[in-house]
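Below: one structure, written as structure tokens.
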Amino acid sequence: MARKTVAIDAANIGTIPARRLRVLADRQPREDGVFVAYWMTAARRVQWSFALDRAIGWARELKRPLAIIEVLACGGPWDSDRHHRFVLQGMCDQARHLADAPALYYPYVERMPGECRRLFGAVCEKACLVVTDDYPIASPAIKSVDARAPVRVERIDGNGLMPLRAADHAFPTAYAFRRFLQRALREHLLDAPRSDPFAKVELPRLTSMPGPIPRCWPAASNRLLAGESAALAALPIDHRVSPVSAVGGPTAAHARWRTFLAKRLASYAELRNQPEADSTSGLAPYLHFGHISAHEIFHSLARKEGWSPGKLAEKASGSREGWWGMSEPAEAFLDQLVTWRELGFNFCEHRTDYADYQSLPPWAKATLAKHARDSRPYTYTTEEFASARTHDRLWNAAQRQLVTEGHIHNYLRMLWGKKILEWTPGPQEALDVMIELNNRYALDGQDPNSYSGIFWILGRYDRPWGPERPIFGTVRYMSSENTARKVRVAEYIRRYSAETSARPREGTRSVKLKRKRSTEDRHGNACSSPVDADL
Ligand SMILES: Cc1cc2nc3c(=O)[nH]c(=O)nc-3n(C[C@H](O)[C@H](O)[C@H](O)COP(=O)(O)OP(=O)(O)OC[C@H]3O[C@@H](n4cnc5c(N)ncnc54)[C@H](O)[C@@H]3O)c2cc1C
């Protein structure tokens, strides 16, 4: 039976910028729908969210209740207790935050792959329309959205300061992307989502989800939301990658951001490459799960800096400094948060092959192919890499930090990747090992910037560097010895030595590498590249 719809001009609902809206199923809202659904999959927050603004806008227009359904799916190759606990902590946080809001919050955790898709179908049966998040990587949660749904489905892009669809191609370098930003970002900078989207909003209330939903797809229990080990143990995810001490969720994200702004930003430009200085924001996992928005970060930084749009430089020179019209540390931070972070989103938006070796630039593929059969001084299996059993103390320390804490400092992350390239039988195998280890252990893994960082190791966004070397060809080279000369790492190595760190887990997905060793590292000590590698 055909459902009744209401004809509404969708253009101004929730006043979000038109470029951030992608209509997946283009239908009019259903008149007999019970509620407006916000199917939350990526922007896991209820402040500074274009998707939530849009959903509230529709609920007001249609005079219907709003249901915010935050879903945590399983079935991804790297789903683990670590990532699940972090997201669950965020869900717990949202449940508290929304307790008195004029919306029903429904946290749903999939117990078997495929349940979210069925729940999505059931939601579509009852909803006037569905608003969901746009994200350029197809996580299991994103894949639960069915574009053939019988109701209107809208995807909203709240990923960064620049709308994903403002560019029409993938940029090959950070410099080219920065120039583009400097020309085009001005018109988007003041388009911000609402900091307090429920302020002065009155909506009809929904006390529970209608129909068979609560029975067939019950909301996550308090035990699960608390991330209790026994509750996690019942889920079909990797239980050997254990939770870390960092707490997930918008509240923890804000606390981290406030501390960074007050105490560390001032020395960011000077110290951000020093692994022992603890001078970076640590926001990557929170940005990855959408617990904090790039817009909020930008606006509070701008406030602290006394910034106004009139301070933007007229000329788009592509230079890292001087365009924003802010202090040196603030500009250095924005170059990471905006240029580098959004460059990765730009690539994944325009290139479906973002995770394929073939997506490397032609010069990098050519030089790596030429040296693919060069003899390697050491080769290790994925398991040996995972359990930090290489000959190199600095590399092992970085891997142990990844396994025990879920992150590696950016500078050492570069070294970590370069050595994997050097110590695997070929560049394709190196890529497989990096993706496996990064995405399995890093809290910020499976992000567009996981692929930016990993592919940068192999030449993406970079240029050829001389002299041509074995294995690397003209791809930029790094060595532990040179790193130890450039940045302080002695204390870092001590902190993450085998004696002080927990043993990494066994059983990482094997990429089946043969093992071969020689006693001598022929090129261990010869970094000629100016490694302010920008990454
Ligand atoms: C081999 C390799 C793998 C990487 N894997 C990931 C990953 O899985 N997820 C991820 O988010 N980043 C990844 N990066 C990029 C970078 O290491 C992290 O974003 C950064 O270390 C996060 O720390 P922070 O939040 O303290 O950063 P800050 O220095 O405080 O920077 C603020 C924010 O800017 C963004 N940012 C900073 N540096 C970079 C960068 N080089 N590229 C892109 N965005 C950046 C991040 O969102 C970060 O949170 C990888 C880099 C390499 C070399």
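First listed ligand is number 1; within each ligand, the first listed atom is number 1. All heavy atoms count here, side chains included; hydrogens, waters and symmetry mates do not. In this text, all values refer to a predicted model and were calculated from it rather than measured experimentally.
- The closest side-chain donor-acceptor pair between S452 and N449 falls under 3.5 angstrom.
- For ligand 1, the atoms lying closer than 4.0 Å to a non-hydrogen atom of L337 are 34 (O).
- Ion pair D335/R178 flagged as a salt bridge, since at least one NZ, NE, NH1 or NH2 atom sits closer than 4.0 Å to an Asp/Glu carboxylate oxygen.
- Nearest heavy-atom pair across A73 and P140 is CB-CB, 3.7 Å.
- In this structure, M414 has a heavy atom closer than 4.0 Å to ligand 1.
- Counting heavy atoms closer than 4.0 Å to ligand 1, residue S450 contributes atoms from both its backbone and its side chain.
- At a heavy-atom distance under 4.0 Å, only side-chain atoms of Y268, from C-beta outward, approach ligand 1.
- Within the 4.0 Å heavy-atom shell around ligand 1 one does not find A442.
- Some N or O of D444 is nearer than 3.5 Å to an N or O of ligand 1, by distance alone.
- Within the listing of ligand 1, atoms 8 (O) sit less than 4.0 angstrom from a heavy atom of G445.
- Residue L283 has at least one heavy-atom neighbour below 4.0 Å for each of these atoms of ligand 1: 25 (O), 49 (O).
- For R389 and Y380, the positive end is not near the middle of the six-membered ring at less than 6.0 Å and at most 45° from its axis.
- Ligand 1 lies within reach of F333, whose nearest heavy atom is under 4.0 Å from it.
- Of all the atoms in ligand 1, the ones that sit under 4.0 Å from a non-hydrogen atom of A284 are 11 (O), 22 (C), 25 (O), 49 (O).
- At most 12 heavy atoms of other shown residues, nucleotides or ligands fall within 6.0 angstrom of atom CZ in R393.
- For ligand 1, none of its N or O atoms has an N or O atom of L287 under 3.5 Å away.
- The distance criterion of under 3.5 Å between nitrogen or oxygen atoms is not met by G453 with respect to ligand 1.
- With no hydrogens or angles considered, no side-chain donor-acceptor pair links H288 and Q446 at under 3.5 Å.
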* To do: Could you walk me through whether R320 and E331 pass the salt bridge (charged side-chain N to carboxylate O under 4.0 Å, His left out) test, one step at a time?
  => CA-CA 8 Å; R320 269 186 278 184; E331 296 217 341; over 6 Å; no
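- Side-chain atoms of N159 and R341 include no donor-acceptor pair closer than 3.5 Å.
- A heavy-atom separation below 4.0 Å is found between R413 and ligand 1.
- Using the six-membered ring where Trp is involved, Y286 and F86 have ring planes that are tilted, between 30° and 60° apart.
- Summarising the contacts of atom 27 (O) of ligand 1 with P448, S279, S281, A332, the nearest heavy atom is found in S281.
- Environment of CD in E328: sparse, with no more than 12 heavy atoms of neighbouring residues, nucleotides or ligands closer than 6.0 Å.
- With a 6.0 Å radius and a threshold of 12 heavy atoms from other residues, nucleotides or ligands, R488 has its CZ atom at or below the threshold.
- Checked against a 3.5 angstrom limit, the closest N/O atoms of I408 and ligand 1 fall outside it.
- Not a single heavy atom of S452 sits under 4.0 Å from any atom of ligand 1.
- Residue N439 does not touch ligand 1, judged by heavy-atom distances below 4.0 Å.
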